[in-house]
Chemist: 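Attaching a single structure in structure tokens format; questions to follow.
We use all heavy atoms of the structure for the numbers below, so side chains are in, but hydrogens, waters and symmetry mates are not. Here is how names work: the chains are called A, B, and so on, in the same order as the sequence lines, proteins then strands, and each is numbered from 1.
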Number of protein chains: 2
Amino acid sequence: MSTLAGRIEAYLKRLIESDREGQIEIRRCDLAESFQCVPSQINYVLETRFTPEKGYIVESRRGGGGYIRITSLELRRSIDLASSLYRQIGREIDEERADSLLTKLAEAGSIDQRRATLIRAAIRRELNSVDPAWRPYVRAMLLRSMLLVVMA
Amino acid sequence: MSTLAGRIEAYLKRLIESDREGQIEIRRCDLAESFQCVPSQINYVLETRFTPEKGYIVESRRGGGGYIRITSLELRRSIDLASSLYRQIGREIDEERADSLLTKLAEAGSIDQRRATLIRAAIRRELNSVDPAWRPYVRAMLLRSMLLVVMA
DNA sequence: GGACATTTGACGTTTTTTGACCAAACTGGC
DNA sequence: GCCAGTTTGGTCAAAAAACGTCAAATGTCC
């Protein structure tokens, strides 16, 4: 994937993935400048790699203050889930609360029993090598992440 | 067996066998150049020696940045890609390696593309609030945990 | 000589890159 | 408020970069 178009695509996807909203705004001329290519190359990348079928929405505006906005529907949808998980779990969580949350989710059918068990075991194993003082934070992170990919 | 086709076949097989995943990517024009033959000779070799019945998959792309990819089904199976990749994570991992690992898993069908994107995004976002010095460790933990629950 | 395999080259398709020209949106003077 | 000029992004077609197909020519082995 060593084509210009491929590199631009990868760059944009990275930007989008690290954005909290799964959405970015760029200026076509800036991007073209930083990749040393003609501006229309950017349109080519957008048309071939960021189509609705591939889960992206591209909006733009011309004129002064113009921009190109790219939204990943996939990530957009996961935002809600992520923030709801963050509300339930928070920045840190102790083992007991993590445990009961998993039990609740399994009972509610949001995740299956097998995965709940798997998540408990994974957390316990990973925390082994973590300084006890940090465990509540790391536990929260792991729990949030695993639940996100399982429930999405 | 000292025909041109035979020598090209032997050369490609040597390359494939020395690749850890039993897969190589070449450029038809380069190969033709180095064997001093017409490009279509390469197609002849592929059609007669690297067929599915003989255990190979050949994929290709035209246009700028085009390539020909040959995969040996046998070598691929023997490695058990998913678990071998999983073991490759280790105690710490940088962003680039994590990225390419996810790409490979998605290509191999071990996880779907949608989840790969989700995992990348989740890792990036969680790491935002982590001291850069610890990121490789935390990244490894998150990646391992999320892969565990999605591949299970 | 016939059957089969190999080699070559002309022509075709797909994907990427580039550039000339077009259209919309903002800005500032009147 | 309107017009002219500037600032952006959009379109489209040609050129370039790869790979694919097919059939004719050539070799090889009974």
Chemist: C:dA5, OP1 or OP2 - any side-chain N/O from B:R49 closer than 4.0 Å?
Modeler: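 B:R49 to C:dA5 OP1/OP2: no side-chain N or O under 4.0 Å.
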
Chemist: Might you point out which heavy atoms bring A:L148 and B:A122 nearest each other, and give the distance in Å?
Modeler: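 Taking every non-hydrogen atom into account, CD2-CB, 3.8 Å.
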
Chemist: To the nearest angstrom, how far is B:E47 atom CD from D:dC19 atom C1'?
Modeler: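 Atom CD in B:E47 sits about 12 Å away from atom C1' in D:dC19.
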
Chemist: Once you round it to whole Å, what is the distance between C1' of D:dG10 and CG of A:L31?
Modeler: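 Whole-Å distance recorded here is 16 Å.
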
Chemist: Whole Å only: how far is the CD atom of A:E59 from the P atom of C:dA24?
Modeler: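 From A:E59 CD to C:dA24 P: 18 Å.
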
Chemist: Report yes or no: does A:S40 contribute a side-chain atom to a donor-acceptor pair with the main-chain N or O of A:N43 at less than 3.5 Å?
Modeler: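 No, A:S40 side chain to A:N43 backbone: no donor-acceptor pair under 3.5 Å.
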
Chemist: Determine whether a donor-acceptor pair (one donor, one acceptor, N or O, separation below 3.5 Å) exists between the side chain of A:R61 and the base of D:dG9.
Modeler: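 When only heavy-atom distances are counted, A:R61 does not reach the base of D:dG9 through any donor-acceptor pair under 3.5 Å.
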
Chemist: Which whole-number value in Å describes the distance from A:F50 CZ to D:dG9 C1'?
Modeler: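 For the pair A:F50 CZ and D:dG9 C1', the rounded distance is 17 Å.
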
Chemist: Measure OH/B:Y44 against P/D:dA23 and give the value in whole Å, please.
Modeler: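 After rounding, the gap between these two atoms is 16 Å.
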
Chemist: With a 4.0 Å cutoff (strictly under), does any side-chain N or O of A:T48 reach OP1 or OP2 of C:dT15?
Modeler: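 Checking A:T48 against C:dT15: no side-chain N or O falls below 4.0 Å of OP1 or OP2.
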
Chemist: Listed by chain and number, what are the ring pair (Phe, Tyr, Trp, His ring centres under 6.0 Å) partners of B:F35, not counting sequence neighbours?
Modeler: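 Here the qualifying residues are B:Y11.
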
Chemist: Can you tell which of D:dT8, D:dG10, C:dT7 lies closest to the side chain of A:R27?
Modeler: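 The answer is D:dT8, which lies nearest to the side chain.
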
Chemist: By nearest nucleotide on DNA chain C, pick out whichever of B:V38 and A:G63 is the more 5' one.
Modeler: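 Between the two, 5'-proximity favours B:V38.
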
Chemist: May I ask you to decide if A:T48's main-chain N or O and A:K54's side chain share a donor-acceptor pair within less than 3.5 Å?
Modeler: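 Yes, because the side chain of A:K54 sits within donor-acceptor range (under 3.5 Å) of the backbone of A:T48.
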
Chemist: Would you mind classifying the nucleic acid contact of B:I68 as base, sugar-phosphate or nothing, using non-hydrogen atoms under 4.0 angstrom?
Modeler: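 Sugar-phosphate contact only.
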
Chemist: Name the closest nucleotide to the A:R62 side chain, picking from C:dT16, D:dT8, C:dT13.
Modeler: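 So the nucleotide nearest the side chain must be D:dT8.
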
Chemist: What's the shortest heavy-atom distance between A:R135 and A:V130, and which atoms?
Modeler: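 So the minimum-distance heavy-atom pair works out to NE-O, 2.9 Å.
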
Chemist: Kindly write out the residues that satisfy ring pair (Phe, Tyr, Trp, His ring centres under 6.0 Å) with B:F50, not counting sequence neighbours, or none if the list is empty.
Modeler: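 Only B:Y56 meet the ring pair (Phe, Tyr, Trp, His ring centres under 6.0 Å) criterion with B:F50.
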
Chemist: Roughly, in whole Å, what's the span from CG in A:N43 to P in C:dC21?
Modeler: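 Answer to the nearest Å: 18 Å.
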
Chemist: Report which part of the nucleic acid B:S40 touches: base, sugar-phosphate, or nothing (heavy-atom distance under 4.0 Å, all strands).
Modeler: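 Since a base atom lies under 4.0 Å of B:S40, the category is base.
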
Chemist: Within the structure shown, what part of the strands sits under 4.0 Å from B:I42 by heavy-atom distance: base, sugar-phosphate, or nothing?
Modeler: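 It contacts nothing in the nucleic acid.
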
Chemist: Going by number, which of residues 51-58 of chain B have a non-hydrogen atom under 4.0 Å from DNA chain D?
Modeler: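 The stretch gives none, as no residue of it lies under 4.0 Å from the strand.
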
Chemist: Can you tell me if B:S145 and A:R125 form a side-chain donor-acceptor pair at under 3.5 Å?
Modeler: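 Absent: no donor and acceptor within the cut-off.
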
Chemist: For DNA chain C, whose closest nucleotide is more 5', that of B:V45 or that of B:G65?
Modeler: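 Its nucleotide being nearer the 5' end, the pick is B:V45.
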
Chemist: Does C:dT7 have OP1 or OP2 sitting under 4.0 Å from an N or O in the side chain of B:R7?
Modeler: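 B:R7 to C:dT7 OP1/OP2: no side-chain N or O under 4.0 Å.
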
Chemist: Looking only at N and O atoms, is any donor in the side chain of A:R28 or the base of D:dT8 less than 3.5 Å from an acceptor on the other one?
Modeler: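 There is none.
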
Chemist: Taking for each residue the nucleotide of DNA chain D with the nearest heavy atom, is it A:G64 or A:S60 whose nucleotide lies nearer the 5' end?
Modeler: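 Per heavy-atom nearest nucleotide, the more 5' residue is A:G64.
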
Chemist: Using every non-hydrogen atom in the two residues, find where A:A116 and A:A106 come nearest and quote the distance to one decimal.
Modeler: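 Minimum heavy-atom separation between A:A116 and A:A106: CB-CB, 4.3 Å.
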
Chemist: Round to the nearest Å and state the distance from B:E33 atom CD to D:dA18 atom C1'.
Modeler: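 To the nearest whole Å, that distance equals 14 Å.
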
Chemist: Hey, does B:M151 have a side-chain heavy atom less than 4.5 Å from the side chain of B:S110?
Modeler: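 Yes, their side chains come closer than 4.5 Å.
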
Chemist: Remember a base hit wins even if backbone is also touched, and classify B:Y67 as base, sugar-phosphate or nothing at under 4.0 Å, heavy atoms.
Modeler: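 Sugar-phosphate contact only - B:Y67 comes under 4.0 Å of backbone atoms but never of a base.
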
Chemist: Within this structure, what is the CG-to-C1' distance between B:L46 and C:dT7, rounded to whole angstrom?
Modeler: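 One finds 15 Å between C1' of C:dT7 and CG of B:L46, rounded.
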
Chemist: Please tell me which of the listed nucleotides, C:dT7, D:dT8, C:dT17, lies nearest to the side chain of B:L4?
Modeler: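 For B:L4, the side-chain atoms sit closest to C:dT7.
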
Chemist: Any base atoms under 4.0 Å from A:G66, or only sugar-phosphate, or nothing? Heavy atoms, all strands.
Modeler: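 Counting heavy atoms under 4.0 Å across all strands, the contact made by A:G66 is with sugar-phosphate only.
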
